[in-house]
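Working notes, structure below.
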Amino acid sequence: MTSLPLARQPEEGFTCSVGIMAYNEASNIARAIESILAQQLSCATISEVIVVASGCTDNTVPIVTEMAGRDSRIQLVVQERREGKASAINLFLAAARSEVLVMASADVVIKPGSLDALIQPLQDPTVGMVGGRPIPVNDESTFLGFAVHLLWRLHDRIARQAPKLGEVVAFRAIVPSIPRDTPVDEISIQAIITQLKYRLVYEPRAVVYNRGPSTIGDYLRQRRRINSGHLRIHQQQRYDAPTMNVARIGQALLAERPFGSLRAACWTVGTVGLEALARALGAYDHLRRRPHYLWQMAMTTKAQIAGEITAPSYESVLVFHIMDYRQFELELGVRGAQSLAQQVVPMMRRALGTQALVKLERNGAIIALLPVDQDEAERAAAQLIAAIQATPVRVAGHDDPVAARLACGVIAFMQAGGASAKAVLATN
C-alpha cells in the first residue's frame, strides 16, 4: 500500500503533535487520521499523530496499528480500560514532543487547509490557543438536524465575539494536565490557557465536519453532560464558557432571524425548549455531584461522515451597488456611469476567480454568485470593496481617474437551495 501523504515541509516553522482520543471509533478513525495527514501546512510540520485508544472493544486498535505500519508519524497508545476522555488527553499531553499540540475528535473530518488556518495564529507569541469551526453533516430538513445546525451556528456567532473553542483546537505545549473528572476537556484547557495570560483565538476558516445527535435521547444526553461539565469547570477552575451566558445566546438567536417560516419558528422554539431542559438536567446532575467524565456514548453521532461531506455547502448572492451612481450619471452622463460599472465588473471577476458568476444590471447593480457561506461571502465582499475603491479607473467623458465606492448586500442559501440562488441571479 502507498504511504499517507506527507505534510509540506516549511522553510521555517515549528512542529506540532496531533492527538486523537478514541473509544470505539472504528467507523471514522481511518478517515479522521487521513484528513489530518493530508493537510498542507505553511508554518509548521506534523511530527506525530498520537491516537489514544481507551478501552476499545471494536476494530479501532487494529485499524490504527495497520496505518501506523505504513506511516511512522502515527503512534498508538492503548489504554486498556476506559477511564474518560480527560484521562486519555493526559496520556497524550505526556507523550507529545512538539511545541504546538493539536487535538481533534475521532468522529470528525478536517476540511483541507483547516489545520494550517488553525495553527497560523500561534505564530503570534501572545496567542495560546486557537479553535476551529464545527459544521454538522446532519440533514437540516429534520427537526434534530435543524436543532444541531442552529446550535452550532449560535456557537459560531458567539465565538467570533468571545472565543469558545472545541472539536478541534491547537495550543502551546504549556498545559501539563487537566482534571481527570472533567467532561468538557477543551474548556478545561481553555481555562488554563486564559489563566496563564495567553489570548484565545477563534478561527472560523478552520472547519471540521461532525455529526450531531439524531435522536432526542442522544441530544439530551450530550447537552446534559456538556452543561453539567460547564458548571463543574466554573466550580473547579473559576471559568465560564461564553456559551453559558444566556444573554449572549439570546442575542445570537435574534441575529439568526430563525422565524422566517412557520416550520422554522416551531422548530426554533422546540430547540430552545430542549436546550432549557438539558441545562436544567445538567444543573441537577451538578448539584447531585453526578460524574459525567465517563459518559454514555451518543451512538447516533458515530456513523461515518466522510461520504456525506460535499463542497460547497452554501451559495451566496452578493449584490454590489456603486454608491452615488445617479450622481455619476448626472456628472459623467449615462455612458460615463455605465463605463465605470463596466470596468468594475472585470476587476471583480479577476478577484473572485472562475468559481464566481458576475452579472452587470442596467441600473448599475453588479450581482455575483459565489459557492461559499455567508461569512466567507461577507469577507470576500469586504476585501473586494477595499481593493476596488483603492484602484481608480478612467471612464469615458472624464479626464481624471474615478474611484468607485461600493456597498454590498449578501443573501446566503444552503446548497440544497442552490437553484434558488441561481434564480436570484437569473431574474435580476
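Residues take their numbers from the sequence shown, with the count starting at 1.
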Run through Val168, Ile110, Val109 and flag the one making a side-chain contact (heavy atoms from CB on, under 4.5 Å) with Ile36.
Ile110
Name all residues meeting the salt bridge (charged side-chain N to carboxylate O under 4.0 Å, His left out) criterion together with Glu99; count only those two or more places apart in sequence or in a different chain, and write none if there are none.
none
Closest heavy-atom pair, Ala368 versus Leu352, reported as atoms and distance to 0.1 Å, is CB-CD1, 4.0 Å
Residues that Asp139 engages under side chain to side chain donor-acceptor pair (under 3.5 Å), provided they are two or more places apart
Ser141
Quick one: pull up CD in Gln190 and CD1 in Ile178 and give me the separation to the nearest 0.5 Å.
12.5 Å
Side-chain donor-acceptor contacts of residues 382-391 below 3.5 Å, not counting sequence neighbours, with atom names and distances?
residue : atom : partner : partner atom : Å
Gln389  : OE1  : Leu406  : N            : 3.0
Thr391  : OG1  : Ala387  : O            : 2.8

So does Leu101 get a backbone contact from the side chain of Ser17, meaning a donor-acceptor N/O pair under 3.5 Å?
no
So, using ring-ring contact (aromatic ring centres under 6.0 Å, His included) as the criterion, who are the partners of Tyr202 when residues are at least two apart?
none
Keeping the roles fixed (side chain from Arg172, backbone from Leu122), state whether a donor-acceptor pair exists under 3.5 Å.
yes
Answer yes or no: is there a side-chain heavy-atom contact under 4.5 Å between Met244 and Ile249?
no
Shortest non-hydrogen contact between Arg157 and Ala252, atoms and distance
CD-O, 3.7 Å
Taking Arg153 first and then Asp156, would you say they form a salt bridge - that is, a charged N and a carboxylate O separated by under 4.0 Å?
no
Closer than 4.0 angstrom, basic N to acidic O: yes or no for Asp285 and Arg225?
no
With Asp116 via salt bridge (charged side-chain N to carboxylate O under 4.0 Å, His left out) - residues at least two apart:
none
Just do the side-chain hydrogen bond (donor to acceptor under 3.5 Å, both in side chains) check on Ser47 and Ser98 with the steps written out, would you?
CA-CA 7 Å; Ser47 62; Ser98 298; 2.7 Å; yes
Step by step, work out the side-chain contact (heavy atoms from CB on, under 4.5 Å) result for Glu361 and Lys359.
CA-CA 7 Å; Glu361 298 298 306; Lys359 180 182 178 183; 3.1 Å; yes
Between Thr60 and Ala26, what is the shortest heavy-atom contact and its length?
OG1-N, 3.1 Å
Restricting to non-hydrogen atoms, name the atom on Ser188 and the atom on Thr182 that form the minimum distance, rounded to 0.1 Å.
OG-OG1, 3.0 Å
Are the side chains of Ile46 and Val18 in contact, using a 4.5 Å heavy-atom criterion?
yes
Show, in sequence, the C-alpha distance, side-chain angles and deciding distance for Val358 and Ile367, and conclude whether the side-chain contact (heavy atoms from CB on, under 4.5 Å) test is met.
CA-CA 6 Å; Val358 182; Ile367 302 178; over 6 Å; no
Residue pair Ile135 / Lys111, side-chain heavy-atom distance below 4.5 Å:
no
Which pairs with one or both residues in residues 224-245 pass ring pair (Phe, Tyr, Trp, His ring centres under 6.0 Å), sequence neighbours excluded?
none
Among Glu25, Met21, Lys85, find the one that has a side-chain contact (heavy atoms from CB on, under 4.5 Å) with Ser105.
Lys85
Kindly write out the residues that satisfy side chain to side chain donor-acceptor pair (under 3.5 Å) with Ser261, not counting sequence neighbours, or none if the list is empty.
none
Let me confirm one number: the CG-CD1 distance from Leu196 to Ile174, rounded to the nearest 0.5 Å.
5.0 Å
Does a side-chain heavy-atom distance below 4.5 Å link Val102 with Val169?
no
Checking side-chain contact (heavy atoms from CB on, under 4.5 Å) for the pair Ile322/Phe320: CA distance, chi angles, key distance, verdict?
CA-CA 7 Å; Ile322 297 177; Phe320 294 91; over 6 Å; no
Working to the nearest 0.5 Å, report the span between CD of Gln120 and CG of Leu115.
10.5 Å
Output yes when Glu48 and Arg97 qualify as a salt bridge under the 4.0 Å nitrogen-oxygen rule, no when they do not.
no
Set of salt bridge (charged side-chain N to carboxylate O under 4.0 Å, His left out) partners for Arg350, sequence neighbours left out:
none
Applying ring-ring contact (aromatic ring centres under 6.0 Å, His included), name anything that partners His155, two or more places apart in sequence or on another chain.
Trp152
Does CD belonging to Gln123 count more than 12 external heavy atoms closer than 6.0 Å?
yes
Which residues share a side chain to side chain donor-acceptor pair (under 3.5 Å) with Arg223, sequence neighbours left out:
Glu275
Quick check: do Tyr198 and Val127 have side-chain heavy atoms less than 4.5 Å from each other?
no
d(Trp267 CH2, Phe146 CZ) to nearest 0.5 Å is 7.5 Å
With a 4.5 Å heavy-atom cut-off, do Ile119 and Val130 have their side chains touching?
no
Reported CG-to-CD1 distance for the pair Leu360 and Ile366, which is rounded to 0.5 angstrom
5.5 Å
Show the numbers, then the answer: is there a side-chain contact (heavy atoms from CB on, under 4.5 Å) between Leu281 and Arg221?
CA-CA 9 Å; Leu281 293 171; Arg221 270 190 292 273; over 6 Å; no
For a side-chain hydrogen bond (donor to acceptor under 3.5 Å, both in side chains) check, start with the C-alpha distance between Thr57 and Asn24, then their side-chain angles and the critical distance, and finish with the verdict.
CA-CA 6 Å; Thr57 57; Asn24 288 351; 3.1 Å; yes
Under 3.5 Å, side chain of Ser114 to main-chain N/O of Val207, donor-acceptor pair present?
yes
Please enumerate all residues that pass side chain to side chain donor-acceptor pair (under 3.5 Å) together with Gln79, with sequence neighbours excluded.
Ser54, Ser87
Verify, without hydrogens or angle tests, whether Arg180 (side chain) and Ala86 (backbone) share a donor-acceptor contact under 3.5 angstrom.
no
Please report the shortest heavy-atom distance between Val51 and Ala22, naming the atom on each side.
CG1-CB, 4.4 Å
Do side-chain atoms of Asn138 reach the backbone of Arg211 as a donor and acceptor pair under 3.5 angstrom?
no
Say whether, by atom type as modelled, one donor and one acceptor occur between the side chain of Gln39 and the main chain of Ser35 under 3.5 angstrom.
yes
Is any side-chain heavy atom of Ile20 closer than 4.5 Å to one of Val49?
yes
Hits for salt bridge (charged side-chain N to carboxylate O under 4.0 Å, His left out) against Arg205, two or more places apart or cross-chain, chain-then-number order -> Glu203
Does some side-chain heavy atom of Leu253 sit less than 4.5 Å from a side-chain heavy atom of Thr268?
yes
One should read off an interatomic distance between Ile89 CD1 and Ile189 CD1, to the nearest 0.5 angstrom, of 5.0 Å
Do you know the tightest heavy-atom contact between Phe143 and Gly270?
CZ-C, 3.8 Å
